[in-house]
Amino acid sequence: MRAFFNKRKKLAAALLLLIIAGGLFAYNESDRYFQIAKNLDIFAAFYRELNTYYVDDLPPEKVMHKGIEAILEETDPFTDFVTEENLDDLKFMATGKYGGVGASINKNGEWTAITDVYEGSPMDKAGVKPGDIIVTMDGKSVKDTPQEEISKLLKGAPGTHLDILFRNPVTSAETSKRIIREEINVKPVSYSGMASKEIGYIRMAQFTENSGAMVRSAFQQLKQNNPAMKGVILDLRGNPGGLLDEAVVVANIFVDKNKLIVSTKGKVKNWDRNYETADLPLDTHIPLAVLTNHSSASASEIVAGAIQDLDRGLVIGQRSYGKGLVQTTRQLPYNTKLKVTTAKYYTPSGRCIQAIDYSHRNEDGSVDYVPDSLKKKFTTQNGRTVKDGGGIEPDTSVAPTYISQVAVSLLRKQYIFDYATSYYYSHPKIAPAASFTLTDEAFADFERYLDNKDYSYKTRSEDALENFKNTAKKEKYYDAVSKELEQLEQKMKHDKKQDLLKNKTEIRQLLEEEITNRYYSQHGRIARSLSWDRDVNAAISMLRDPVKYKQLLSADRK
């Protein structure tokens, strides 16, 4: 009986696949449809008997959801069942809007603190600052409350209120504030300004409703305020994508009207479509650099791929994620939805940049990246060679930046965050974000602040040595090399103080970013980081060199 009962997950999957397929209950000569109907009958009989005779109650909703989960294991991770209570998350992905207070939080020990306050949000209007500690919500203590639970409590319908008791992180003074929830609109353009005297910069965080118009407006403002601007950087790093239509609007800012940007092809041929630019562009000649990294996905890759295929600009940074799949939502009963992958998208050259092949699985159910041997070559408008099946490869690669282990430890332990909070309350004003620097005296104060604080960590070398020791013990070699390993271990032992000084430049930069965030919000953090951003500096260098820029866009580049 147990073996038979354990098969319910697969049988539930057969039922739910039939329901989702919709309209397949009518018998068809196709063997595929017959097999679906046959297994539906088996499942219905199985579940009826199980529900009637099994010794304990089986909650129908729980069992059915397990069946849905079983089906989804056979699809890509972007196909999902959206329950009624999660519809707000789906709405946020499309619109960038949600009901809440406009702040981000982080749990540190027993308490949860505010880490960022969005400009103009209810929290901002109430005078809440990063670092403030949430003590009670509507009169109930939130000590030791999970961060996820507090996050849910902060969200709610616009117009509803929430009474919060805050504790100042420096003075410990407690203040009660009534926060009126509003519709929070997360700005798709998180920053726009000048990265250097002659190069403009726009950072786009997501592709939500009207985000294309906002990028267009930001570019117009840059041109108007900086008539001598000689190039622009569109930063799509970390942008997970969003609405395909908005990707076309963004590309249209720099690409002529009636140009193909992306095409979609799927099982339902009537849904196949070509997406072309519909409006007159703002500028088809200004040198353009699009920044990508491994977290640039979906709509970000559509823009980067179109700019690259049409030879309109250069892609700089690291290879993008490789998501060439398009999702649509289908209404299901009881206010639920199916978010389903319905097509693959193709850049103007005809390539699909999907990097993981979900349609062919290994025996264990795992999936692999498309091998290099199966990647096909395509050509850009100028005749440059590009490939499919592996994301967008940059025209100019920049090695990714990795932070040191000591910096990781200081961030995880919240010491950089806490010191920035202390600095804010002891310094009423600082220089403009782009020019603010932390003095040597202030850094020395940070070192004193760390005295007697635990920020222990293992370096990657120590981890590797530990793994080697464990392997040597398992394979009976440890006794023969134990002395040498102990000597190596002693030599590798790191001095936290020395590591702090060795990585002073990096840690100073992290401190400056966090401190400017206190005074100028996220806008200030980005402005401060541009000067040492390797991808941005590579783009500036390229845009300042018209000869090299044109050479990289030509088919006969060396």
Side-chain angles (χ1 to χ4, degrees), residues 188-205 211-212 214-239 247 249-256 259 261 277 280-293 296 300-318 320 380-382 384 392-398 401 433-435 523 526-555 557:
V189 177
S190 55
Y191 180 89
S192 64
M194 298 300 290
S196 70
K197 189 176 181 179
E198 299 173 329
I199 306 299
Y201 174 88
I202 300 171
R203 178 175 291 190
M204 191 179 183
S211 57
M214 294 180 189
V215 176
R216 190 180 184 93
S217 177
F219 180 61
Q220 284 177 313
Q221 196 69 37
L222 280 176
K223 289 189 71 175
Q224 181 180 330
N225 295 340
N226 306 276
M229 187 169 67
K230 294 183 178 179
V232 65
I233 300 168
L234 178 61
D235 191 348
L236 300 180
R237 293 175 300 173
N239 187 322
V249 175
V250 171
N252 197 177
I253 297 169
F254 308 102
V255 174
D256 244 329
K259 288 285 188 179
I261 298 301
T277 50
L280 292 174
L282 287 181
D283 195 323
T284 59
H285 299 293
I286 190 169
L288 170 66
V290 178
L291 302 187
T292 62
N293 63 9
S296 304
S300 294
E301 296 174 292
I302 290 175
V303 173
I307 296 299
Q308 188 176 61
D309 282 3
L310 298 173
D311 296 303
R312 175 58 189 88
L314 296 174
V315 178
I316 295 175
Q318 298 87 48
S320 65
T380 69
Q381 188 170 271
N382 287 349
R384 296 186 297 148
I392 303 296
E393 288 287 350
D395 300 300
T396 298
S397 295
V398 180
T401 300
S435 58
H523 188 273
I526 296 172
R528 186 67 202 103
S529 68
L530 291 180
S531 63
W532 52 70
D533 190 312
R534 293 169 63 178
D535 296 339
V536 171
N537 286 326
I540 291 172
S541 176
M542 196 64 64
L543 294 173
R544 280 177 172 170
D545 189 342
V547 174
K548 191 170 185 180
Y549 177 83
K550 290 179 181 179
Q551 183 185 33
L552 285 173
L553 288 174
S554 66
R557 59 179 177 173

- Item | Verdict with supporting geometry, Asp283 and Ile253, side chain to side chain contact (heavy atoms under 4.5 Å, CB included) | CA-CA 7 Å; Asp283 195 323; Ile253 297 169; over 6 Å; no
Just checking, any donor-acceptor pair under 3.5 angstrom between side chains of [X] and [Y]?
X: Gln308; Y: Asp395; value: yes
X: Asp311; Y: Thr380; value: yes
X: Asn226; Y: Glu198; value: no

Atom [atom1] in [X], atom [atom2] in [Y]: separation rounded to 0.5 Å?
X: Ile302; Y: Ile307; atom1: CD1; atom2: CD1; answer: 12.5 Å
X: Thr396; Y: Leu314; atom1: OG1; atom2: CG; answer: 5.5 Å
X: Ile202; Y: Leu236; atom1: CD1; atom2: CG; answer: 10.0 Å
X: Ser192; Y: Gln220; atom1: OG; atom2: CD; answer: 12.0 Å
X: Asn252; Y: Lys259; atom1: CG; atom2: NZ; answer: 12.0 Å
X: Ser554; Y: Tyr549; atom1: OG; atom2: OH; answer: 12.0 Å

- Message: Using the rule side chain to side chain contact (heavy atoms under 4.5 Å, CB included), only one of Val215, Asp235, Leu291 pairs with Met204; which is it?
- Response: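 When side chain to side chain contact (heavy atoms under 4.5 Å, CB included) is applied between Met204 and each of Val215, Asp235, Leu291, only Val215 qualifies.
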Non-hydrogen atoms of [X] and [Y] that approach each other most closely:
X: Pro227; Y: Gln224; answer: CD-O, 3.9 Å
X: Leu280; Y: Arg216; answer: O-NH2, 2.9 Å
X: Ala218; Y: Val189; answer: CB-CG1, 4.3 Å
X: Val250; Y: Gly212; answer: CG2-CA, 3.8 Å
X: Pro281; Y: Thr284; answer: CG-CG2, 3.3 Å

- Task: Verify side chain to side chain contact (heavy atoms under 4.5 Å, CB included) between Leu530 and Tyr201, making sure each step is shown before the conclusion.
- Result: CA-CA 9 Å; Leu530 291 180; Tyr201 174 88; 3.7 Å; yes
Side-chain donor/acceptor of [X] to backbone N/O of [Y], under 3.5 Å:
X: Asp535; Y: Gly317; value: no
X: Ser320; Y: Asn293; value: no
X: Ser541; Y: Ala538; value: no
X: Arg312; Y: Phe254; value: yes

- Chi angles and distances behind the side chain to side chain contact (heavy atoms under 4.5 Å, CB included) call for Val398, Gln318: CA-CA 6 Å; Val398 180; Gln318 298 87 48; 4.1 Å; yes
- Decide side chain to side chain contact (heavy atoms under 4.5 Å, CB included) for His523 and Ser190; before the verdict, give the C-alpha distance in whole Å, the side-chain angles of both, and the deciding distance to 0.1 Å. CA-CA 7 Å; His523 188 273; Ser190 55; over 6 Å; no
